[in-house]
Structure formats: structure tokens, C-alpha cells
Engineer: 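Here it is, the structure in full.
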Number of protein chains: 2
Amino acid sequence: MRNDNWWCGRFRGCGYKVTVPREAILEVLSLTDKHLSAEDIYLAVHKKYPAIGLTTVYRTLDILVSIGLIYKFDFGDGRARFELAEDSKGKKHHHHLICTKCGRIIDYTDFIDDEFELLQLVEKGLSKKYNFKISGHLIQFCGLCDKCR
Amino acid sequence: MRNDNWWCGRFRGCGYKVTVPREAILEVLSLTDKHLSAEDIYLAVHKKYPAIGLTTVYRTLDILVSIGLIYKFDFGDGRARFELAEDSKGKKHHHHLICTKCGRIIDYTDFIDDEFELLQLVEKGLSKKYNFKISGHLIQFCGLCDKCR
DNA sequence: TTGTTAATGAAAACTATTTTCATTAACAGA
DNA sequence: TCTGTTAATGAAAATAGTTTTCATTAACAA
């Protein structure tokens, strides 16, 4: 049993093995503040471990999303993008502001408390009315950034 | 100049011609309350006008999104889905509740006023702070529906 | 009615993602 | 530490949604 990172417990607890590719992928994700695509991650991982294939990156990302360690987003550019879930490491909960022209993404934390309060209210109301078990939300704004407007 | 539907003005005003395929596609979209994919629309249109091709459907949808007559969504099933923008016809502004297991989508209008109030506040704050010209927002909740939970 | 030009459809191309399958590595138990 | 089981892996092929190409057709201004 190898060197224990903070996420190893969660990983093994879900019945998954801790492997070199998985460690490498999580390392890439935890060292960036960008919203990486599967290929971005593949290229980054590839520098240190050229043997790791793109297929494994996709498979690992699927697992990470399913156990809640990362989030998957669609910002409208035809590829999925990923980021570490905020509760895992020192990350703050945030939402996104997307420039529809250049694709720039801004993570904002302003008004998060006000948003959270409303989300609580709405989640409660919706889960009662529709008998849904709500597990997450997505809030984002789009428009033109300062350079593109 | 053909028969004028409500959207013809907007269409011609943007420099686009009014064509049979475009009318057919808009008709399909205005007669449903579902969230259709490009292929769904193609199949529906195909019944009445078998000559209309999938390519044209994609092209028309692009235009409709760009002039704001329809919205494009990604509900995570690997294909884009479309619906008429609410201001166009008698539609109400709503947000979505998505079942992550069976893919069911519920349009909800509950709390829309509270949400709207917050959105106003956040949009104002964000556009000032980041100098963004905000043109839209996306709010959705995901979880398990009554049948899947 | 006619000319200009955008719109169209079929087929091919593209691209992100998934599947297949033979090989390798993680790790529980000895 | 060694070993067997089984999940994880990588390469290549397959898939599927969407976009591009290009020759033809239809919209509509004059």
C-alpha cells in the first residue's frame, strides 16, 4: 500500500485502486486553478509519465466525477472541463462567469452567501414539490468580458 | 415575401431569409414543451418535409440561438437540446431540474421571482466588478427524481 | 420576371469520447 | 516478501454528435 495522499481514503473506500495514473491526474488537477479539458490533463500528465494514455484520463475523470472529487462543466466549447471539488482541498466554492466571445472563464465568489441562502430555499421547495433528492446545482452567467465587449 | 409569422420580422431584420426549412423548424419548436435535440427536430420536421436535411437543422439552430429566438442547453447526455426563448411566445421563464439517473427534465417556475431578484443583484455586482456585459444566466439543479431516488 | 446571393442537401470530414481486448500492475492473503 | 486474483491500463478501433465542402436550388430585391 503506497504513499497516502489526502484522497486515497475516499478512493479505496469506493473500491478503487490507487494507481500511478490516478495519482498523476489528481496532482495535475490540484496544482492548477484553470478549467482543464481531458486533453489538457492528458498533455500535462504526459510530460511526467509519457506512458499514460488518453483513455485512462477519460476513465479516471469519470470515476472522479462519480465519487464527487471533481466537477465536470460544459462551457459551450465542445469539450468537457474539470475542476477539483472545493471541499476536497483549500478551494472556495464559486460559480462561473463566461465570456461567450473569447471563452474566458472567471471564477467568482462574490454574492456566494446570498446565492447560497436562495439555493437552500429553492432546493427545499423543489425537493418537496417534485419529490426530488437534490444533489447539486449549477449557476453561471455569460456575456462579454472587458476585452471583448 | 411569404406569409408572415411572428418571428419573420426578427429574422429578416438580422439579414436572414425566411425559408421553408426555417419555418418548419420553428414550428416544431413552438408546438412542443419538450427539450428537443437536433435529431429530434430533424425527425419531426422530416415527417412533413422529407427533403429537409439534418445539416440544415443544425445550421438553423445555430442562427436561432445567435439571434436569441431559442436557447441551447447541455443536460449531460452528450447532445445539445433546444427550446424556444420564453419572451417570443406565451412561454414562461423557467429553470430546470434534472434527474441524473433517468435524464428527466422538469421545468420549474417556483421561486422564479426570488431567483430573479438575486440574479439582478448578482448581475449588477459582477458586471461592475469584472466589467462584463452580462447577457444571460443559467440555473439548474440536479438530483434524483421521485422514480429514481 | 430575372439576377444575385444566401440557403440547401448529401456526403465527407472532424472531434470528443467510448469500447474492445490483450497486457500489466495493485494489493490482499499466504 | 512472494503470489494469485482481479481491476486498471494503453493502443487501436469504433461511435456519435456536429461541422465542412461543394454543387445545386430557392428567396426576394429590383
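Chain identifiers are assigned alphabetically (A, B, ...) following the order of the sequence lines, protein sequences preceding nucleic acid strands; residue numbering begins at 1 within each chain.
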Engineer: Does D:dG10 have its OP1 or OP2 closer than 4.0 Å to a side-chain nitrogen or oxygen of A:T56?
Structural biologist: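 It does, given that an N or O in the side chain of A:T56 lies less than 4.0 Å from OP1 or OP2 of D:dG10.
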
Engineer: Rounding to an integer number of Å, can you tell me how far A:L36 CG sits from C:dT17 P?
Structural biologist: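 That distance rounds to 13 Å.
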
Engineer: Could you please name the option among C:dA7, C:dA26, C:dT8 that lies closest to any side-chain atom of B:T60?
Structural biologist: C:dT8

Engineer: Between the base of D:dA12 and the side chain of A:T55, is one N or O donor paired with an acceptor at under 3.5 angstrom?
Structural biologist: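 By the distance-only test, yes, there is a pair.
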
Engineer: A:Y58 side chain: which of D:dT9, C:dA16, D:dT19 is closest?
Structural biologist: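 Comparing D:dT9, C:dA16, D:dT19 against the side chain of A:Y58, the answer is C:dA16.
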
Engineer: Counting heavy atoms from C-beta on, name the nucleotide in C:dT18, C:dA10, D:dA27 closest to the side chain of B:R59.
Structural biologist: C:dA10

Engineer: Send over the distance from B:R81 CZ to D:dG17 P, rounded to a whole Å.
Structural biologist: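 Computing the B:R81:CZ to D:dG17:P distance gives 10 Å.
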
Engineer: Establish, from distance only, whether the side-chain atoms of A:H95 and A:E115 form a donor-acceptor pair under 3.5 Å.
Structural biologist: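 A donor-acceptor contact under 3.5 Å links the two side chains.
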
Engineer: Looking at C:dC27, C:dA7, D:dT9, which one has an atom nearest to any side-chain atom of B:Y16?
Structural biologist: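 Between C:dC27, C:dA7, D:dT9, the one nearest the side chain of B:Y16 would be C:dA7.
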
Engineer: Could you tell me whether A:K129 and B:D110 make a salt bridge, using a distance below 4.0 angstrom between a side-chain N and a carboxylate O?
Structural biologist: yes

Engineer: Quickly work out the A:L54 CG to C:dT19 P distance and round it to whole Å.
Structural biologist: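 A:L54 atom CG is separated from C:dT19 atom P by 14 Å.
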
Engineer: Give a yes or no on whether a salt bridge exists between A:E83 and A:K72, defined as a side-chain N under 4.0 angstrom from a carboxylate O.
Structural biologist: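 Judged by the 4.0 Å cut-off on N to carboxylate O distance, A:E83 and A:K72 do not form a salt bridge.
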
Engineer: For A:D74 and D:dG17, what is the distance between atoms CG and C1' respectively, to the nearest whole Å?
Structural biologist: 13 Å

Engineer: B:Y42 or B:R22: which one's nearest nucleotide on DNA chain C is closer to the 5' end?
Structural biologist: B:R22

Engineer: Could you check B:R79 against A:G15 and say which one's nearest nucleotide on DNA chain D is further toward the 5' end?
Structural biologist: A:G15

Engineer: Say whether B:D107 and B:H35, considering side chains only, have a donor N or O and an acceptor N or O under 3.5 Å apart.
Structural biologist: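 The answer is yes; a qualifying pair exists.
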
